Amino acid sequence: MGLFESDNIRVIGLTGQSGAGKSTVSGIFASCGFPTINADEISHDVASDPTFLDEVCELFPDCVTETGLDRRKLAGIVFCDSEKLKTYTDIIFPYITREIFRRVEACKARDERLVLLDAPTLFESGLDDICSSVVSVIAPMELKIQRVLERDGIPVEMVKSRLGSQKSDDMFISKSQFTIVNNSDIDSLREKTLSVIEELRRLYTDECN
């Protein structure tokens, strides 16, 4: 049960592996009228918070410069070391969570009934606890590598290291009410996503009225 269910709003969690196509699925949800809270966008906003930067600087001094957080350098450190990744997420997750709660409350004030929470680290942060349903997007490894290479323009070794630090298909499937396998073209992905949206509306729209 999602944390906000007693408030007549349902949070739908959207997560998935890097390169699996989660952003495309999020866009399809938005085009179907779902207000969307994007945890990645919030994390970018958090990165300019002076208090947050001070905390990061204490543990990762080489990753904070006069212009702010050096994301590439930080990624090169944390995605190669699970303990350092946990150290970093322990710093940033509380900032992200506070802002997500604020935005859910804003959606509730606008009388929204269904809101999408797009969060790549939904499970790691514990934010799946506030969701009435979770939708995960997964894809074959070869396709994920190809997509991340095209999207981020980083060395293939870094891509493989990043993907290797993520959870398995089985984990996403076991912890989600809906799983979208993005192993074909955009039309197939859209069809699968629209089917999930239809089912979510069937499940929750009447409950929220």
Side-chain angles (χ1 to χ4, degrees), residues 2 10-44 71-72 75-76 78-80 85 96 100 103 107 112-125 127-128 130-205:
R10 301 292 183 270
V11 178
I12 307 302
L14 175 65
T15 191
Q17 304 153 330
S18 184
K22 178 180 64 61
S23 295
T24 302
V25 170
S26 180
I28 296 169
F29 268 85
S31 71
C32 290
F34 278 70
T36 301
I37 299 171
N38 188 301
D40 263 351
E41 291 179 1
I42 292 173
S43 73
H44 279 73
R71 293 179 177 279
R72 181 162 292 210
V78 301
F79 287 122
C80 296
L85 178 60
I96 295 173
I100 286 172
R103 295 191 187 190
C107 288
E112 302 285 1
R113 293 293 183 257
L114 292 171
V115 57
L116 186 74
L117 172 56
D118 179 345
T121 54
L122 186 78
F123 299 122
E124 295 88 339
S125 62
L127 285 166
D128 55 311
I130 74 170
C131 299
S132 297
S133 282
V134 172
V135 181
S136 284
V137 187
I138 62 175
M141 181 61 76
E142 319 83 71
L143 288 178
K144 290 186 292 186
I145 292 173
Q146 177 185 338
R147 290 165 183 160
V148 175
L149 283 171
E150 293 173 354
R151 182 189 69 197
D152 296 348
I154 58 178
V156 65
E157 295 79 12
M158 187 177 289
V159 173
K160 290 180 178 179
S161 176
R162 181 183 298 182
L163 294 176
S165 71
Q166 297 184 345
K167 305 299 184 184
S168 68
D169 288 0
D170 289 343
M171 190 284 295
F172 282 102
I173 292 168
S174 67
K175 298 191 72 172
S176 305
Q177 284 68 47
F178 301 90
T179 304
I180 296 172
V181 182
N182 183 14
N183 57 358
S184 185
D185 56 22
I186 183 63
D187 289 335
S188 172
L189 181 60
R190 177 176 292 277
E191 183 179 344
K192 292 174 181 178
T193 304
L194 291 176
S195 176
V196 170
I197 290 172
E198 181 180 358
E199 179 65 12
L200 287 167
R201 284 180 167 154
R202 186 190 68 78
L203 284 171
Y204 296 124
T205 301

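When reading the values below, keep in mind they use all heavy atoms of this one structure, side chains included, and skip hydrogens, waters and symmetry mates. These figures come from a predicted structure and were not determined experimentally.
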Would Lys144 and Ile138 count as a side-chain contact (heavy atoms from CB on, under 4.5 Å) if you check the C-alpha gap in whole Å, the side-chain angles of each, and the deciding distance to 0.1 Å?
CA-CA 9 Å; Lys144 290 186 292 186; Ile138 62 175; over 6 Å; no
Go through it in stages, so that I can follow the logic: the residues are Ile100 and Ile130, the test is side-chain contact (heavy atoms from CB on, under 4.5 Å), and I'd like the CA-CA distance, side-chain angles, deciding distance and then a yes or no.
CA-CA 10 Å; Ile100 286 172; Ile130 74 170; 4.3 Å; yes
Using every non-hydrogen atom in the two residues, find where [X] and [Y] come nearest and quote the distance to one decimal.
X: Leu85; Y: Val78; value: CB-O, 3.3 Å
X: Ser176; Y: Thr179; value: CB-OG1, 4.2 Å
X: Leu189; Y: Gly21; value: CD2-O, 4.3 Å

Could you tell me the separation between the [atom1] atom of [X] and the [atom2] atom of [Y], rounded to the nearest 0.5 Å?
X: Ser31; Y: Ile197; atom1: OG; atom2: CD1; value: 6.5 Å
X: Ser133; Y: Leu14; atom1: OG; atom2: CG; value: 12.0 Å
X: Cys131; Y: Leu122; atom1: SG; atom2: CG; value: 5.0 Å
X: Ile180; Y: Glu191; atom1: CD1; atom2: CD; value: 11.5 Å
X: Leu117; Y: Ser132; atom1: CG; atom2: OG; value: 11.5 Å
X: Cys32; Y: Arg190; atom1: SG; atom2: CZ; value: 7.5 Å

Val159 vs Ile154, side-chain contact (heavy atoms from CB on, under 4.5 Å): CA-CA, chis, key distance, verdict:
CA-CA 7 Å; Val159 173; Ile154 58 178; 3.5 Å; yes
May I ask you to test the [X]-[Y] pair for a side-chain heavy-atom distance under 4.5 Å?
X: Thr15; Y: Phe172; result: yes
X: Asp152; Y: Met158; result: no
X: Arg103; Y: Val115; result: no
X: Leu194; Y: Ile28; result: yes
X: His44; Y: Arg71; result: yes
X: Val137; Y: Thr24; result: no
X: Tyr204; Y: Arg113; result: no

Between the side chains of Ser18 and Arg151, is a donor N or O closer than 3.5 angstrom to an acceptor N or O?
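Side chains of Ser18 and Arg151: pair found under 3.5 Å.
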Would one find more than 12 heavy atoms of other residues, nucleotides or ligands at under 6.0 Å from atom CZ of Arg147?
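Atom CZ in Arg147 is crowded, with more than 12 foreign heavy atoms closer than 6.0 Å.
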Is it the case that over 12 heavy atoms from other parts of the model lie below 6.0 angstrom from the CD atom of Glu199?
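Counting other residues, nucleotides and ligands, CD of Glu199 exceeds 12 neighbours.
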Is a side-chain donor or acceptor of [X] paired with a backbone partner of [Y] at a separation under 3.5 angstrom?
X: Lys22; Y: Asp118; answer: no
X: Thr193; Y: Val25; answer: no
X: Asn182; Y: Ala20; answer: yes

For Phe178, what residues pass the ring-ring contact (aromatic ring centres under 6.0 Å, His included) criterion, not counting sequence neighbours?
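Listed in chain order: nothing, the list is empty.
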side-chain contact (heavy atoms from CB on, under 4.5 Å) for Val134 and Lys175? Distances and angles first, verdict last.
CA-CA 8 Å; Val134 172; Lys175 298 191 72 172; over 6 Å; no
